[in-house]
Amino acid sequence: MIRDNIIYLDNNATTPLDPRVLDEMMPFLTSNFANASSTHQFGLGAYEAVKVARRRVADLIKAESNEVIFTSGATEAINLAIKGVAESYSEKGKHIISVKTEHSAVLDTCKFLESRGYEVTYLSTDEYGLIDLNELKKSLTSNTILVAVMFVNNETGVIQPIKEIAELAHQYGAFFFTDATQAAGKIEINVDDLNIDLLSISAHKFHGPKGIGSLFVRQRSLQRVKIQALLHGGGHERGLRSGTLNVPGIVGLGKASDLARVELKRNELSVRKLRDHLEFGLLKINNTSINGSKEKRLYNVTNICFDGADSDAIIMGLSSPEDGLPIAVSNGSACTSSSIEPSHVLTAMGFSESHAFNSIRFSLSTVNSKEQIDVVISKVAKIVESLRAMIL
Ligand SMILES: Cc1ncc(COP(=O)(O)O)c(C=O)c1O
């Protein structure tokens, strides 16, 4: 799975497909092409494969199989969760709470709902990227139907206090949705222990294929959640997501979930070691600082500001094939990388525009090695030094 012609440190944008996932998908891309809804023997084979995958996704987050809805990815799962709850519970209230540092898939869905008469409160964060539970408490009203707070931030890796947020939301009779796109497959999630009502997942963030994800929608207990479908048609996925099932993608998501669950602890140990080694090396460069909480942060990311060195210029320098292998890193989220705005996550945390423009996200996975990290540290140091010399 490791490409030997690039050093890839942009694993929060996407990860390479695990060959074991591809192996399991291959038959469903070739000989086993049946429609999982067909009632003949051939179709039943595909249906069985989908059933196994659904169980594996449920096991990853300790849910039940009937609580997993397959979607085209996290963006669709997020839209289905937020619009689905908004539509189903508009009689109860039209107030939603989210956070300024959410991914654009959440923020833009909320903005859309504002244009349809819903009221959205966007919580701020402190300089470490964490929300204030008192501010959340003050914002909750009897009209609040949904609280949407991401599990792990895609730019900084900051982990929000999910259990406490869910508890507060429930005290006010609101549902709790978490965008777990950067958490699933990397950190243990138990939807019951954390009291989560809805949760989005994307396969390509943990070595599964692109274009497939899922939404967990709680069906057990008194907290059963009703959502309105976005897509209407053949009534697939219990009527919540019509459209012929993407069997190869679903099988891939299932396999990636299974591998992630079994190998989670081992992956965490090795990736954390590499991230810490990288961070230690990069912080030796003068005038650098970490963006986001150091303690409440996922183990695979570090987001670092290099004062006086423009991040686009650093990215360009690193991706140049001269002087060794090209290195892939990013500033901000891949979905908004065409924008010339500073990162909305960093500015919401109170950083200046120039601080945001000088910040780089390094995101690691099991594809990385210590040798690669050593190369990255020395190349970044060289580039930052030359950029700073240019403005002196
Ligand atoms: C936190 C977060 N939410 C949502 C998404 C969108 O995921 P997808 O590519 O599966 O639509 C991403 C992808 O970058 C993400 O990082």
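Atoms within each ligand, like the ligands themselves, are counted from 1 in listed order.
- Because its NZ or CZ atom is both nearer than 6.0 Å to the ring centre of Tyr89 and within 45° of the ring axis, Lys226 counts as a cation-pi partner of that residue.
- Gln171 CD: more than 12 foreign heavy atoms inside a 6.0 Å radius.
- Considering backbone and side-chain N/O of Gly73, none are found under 3.5 Å from N/O of ligand 1.
- For the residue pair Ser65 and Arg54, no side-chain donor N or O sits within less than 3.5 Å of a side-chain acceptor on the partner.
- Residue Asp179 touches ligand 1 through its side chain alone, judged by heavy-atom distances below 4.0 Å.
- In this view, His236 satisfies the side-chain hydrogen bond (donor to acceptor under 3.5 Å, both in side chains) rule with no residue, not counting sequence neighbours.
- Using a 4.0 Å cutoff on heavy atoms, Val106 does not count as a contact of ligand 1.
- Using modelled atom types and a 3.5 Å distance limit, the side chains of Asp312 and Asn331 yield a donor-acceptor pair.
- Aromatic rings from Phe112 and Tyr118 are positioned such that their centres are separated by 6.0 Å or more.
- Residue contacts with ligand 1, taken as heavy atom pairs separated by less than 4.0 Å, do not involve Asn153 at all.
- Interface of Met150 with ligand 1, defined as ligand atoms under 4.0 Å from a residue heavy atom, comprises 1 (C).
- Taking only nitrogen or oxygen atoms, main chain and side chain alike, Asn12 does not reach within less than 3.5 Å of ligand 1.
- Here Lys210 has no heavy atoms under 4.0 Å from ligand 1, in either its backbone or its side chain.
- Side-chain contact between Phe176 and Val149 is present, with heavy atoms from C-beta onward closer than 4.5 Å.
- At a heavy-atom cutoff of 4.0 Å, ligand 1 is contacted by no atom of Glu76, backbone or side chain.
- Of all atoms in ligand 1, listed by their number and element, those nearer than 4.0 Å to a heavy atom of Asn154 are 1 (C), 16 (O).
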